[in-house]
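Below is one structure; the comments refer to it alone.
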Amino acid sequence: MFKVIVSGNNIDTVSALRVLRTLVDLPLSKVIQMAKAISSLERFTLVSGVDEAYAKQLALELANVHVDAKVEPCDTDERVVRVPLAQHRKKWRLFGLLK
């Protein structure tokens, strides 16, 4: 199994956002937040546990939009799309709404 590692450079461009939206079924605003969080990191594992063909295709699509991506072997067999965690967690408000 393989993983795709990206650097934060150019991950928040419109063309890179289009590639990210093929991975996760999220609204554009959430994908933009995800890209901004990734851009603040030097190195981020975007997907892991995928086969070599999938990893190479994704890395090629990212490279075509000028995002530094590389494929490396990984230990896990579980297919995972990783999302960076926010610095803060939401809290419940009075009427069951998240703040």
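Counting from 1, the numbers follow the sequence of the chain as shown.
In this structure the side chain of Val71 never reaches within 4.5 angstrom of the side chain of Ile5, judged on heavy atoms. The side-chain heavy atoms of Lys56 and Phe2, taken from C-beta on, include no pair separated by under 4.5 Å. Considering only heavy atoms from C-beta on, Val6 stays 4.5 Å or farther from Leu41 through its side chain. Side-chain atoms of Lys70 and Lys3, non-hydrogen and from C-beta on, never get closer than 4.5 Å to each other.
Separating the CG atom in Asp51 from the CG atom in Asp77 is a distance of 11.5 Å, to the nearest 0.5 Å. Taking CG of Leu17 as the reference point, atom CD1 of Ile11 lies at 8.0 Å (rounded to 0.5 Å). The distance from the CG atom of Leu60 to the CG atom of Leu62 is 9.0 Å, given to the nearest 0.5 Å. Distance check, rounded to the nearest 0.5 Å: CZ of Phe44 to CZ of Arg82 gives 7.5 Å.
Under a hydrophobic clustering in which Ile, Leu, Val, Met, Phe, Trp and Tyr are joined whenever their side-chain heavy atoms come within less than 4.5 Å, directly or via other members, Leu26 and Ile38 fall into the same cluster. In the hydrophobic cluster analysis, where Ile, Leu, Val, Met, Phe, Trp and Tyr join through side-chain heavy atoms closer than 4.5 angstrom, Val24 is grouped together with Leu28. Hydrophobic clustering (side-chain heavy atoms under 4.5 Å, transitive across Ile, Leu, Val, Met, Phe, Trp, Tyr) keeps Leu46 apart from Met1.
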> When you look at Leu23 and Val47, which way does the side chain to side chain contact (heavy atoms under 4.5 Å, CB included) test go after all the steps?
Replying inline: CA-CA 9 Å; Leu23 292 176; Val47 295; 4.3 Å; yes

>> For Val19 and Leu58: C-alpha separation, side-chain torsions, deciding distance, then whether side chain to side chain contact (heavy atoms under 4.5 Å, CB included) applies.
In response: CA-CA 8 Å; Val19 175; Leu58 178 59; 4.0 Å; yes

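Residues passing the side-chain contact (heavy atoms from CB on, under 4.5 Å) test with Val83, sequence neighbours excluded: Met34. For Lys30, the salt bridge (Lys or Arg N to Asp or Glu O under 4.0 Å) criterion is met by no residue, not counting sequence neighbours.
Within a 6.0 Å radius of CZ in Arg18, other residues, nucleotides and ligands contribute 12 heavy atoms or fewer.
For the pair Asn10 (side chain) and His66 (backbone), a donor-acceptor distance under 3.5 Å is present. Here the side chain of Thr76 pairs a donor or acceptor atom with the backbone of Glu78 at under 3.5 angstrom.
A salt bridge does not link Glu61 to Arg21: none of the charged nitrogens lies less than 4.0 Å from a carboxylate oxygen.
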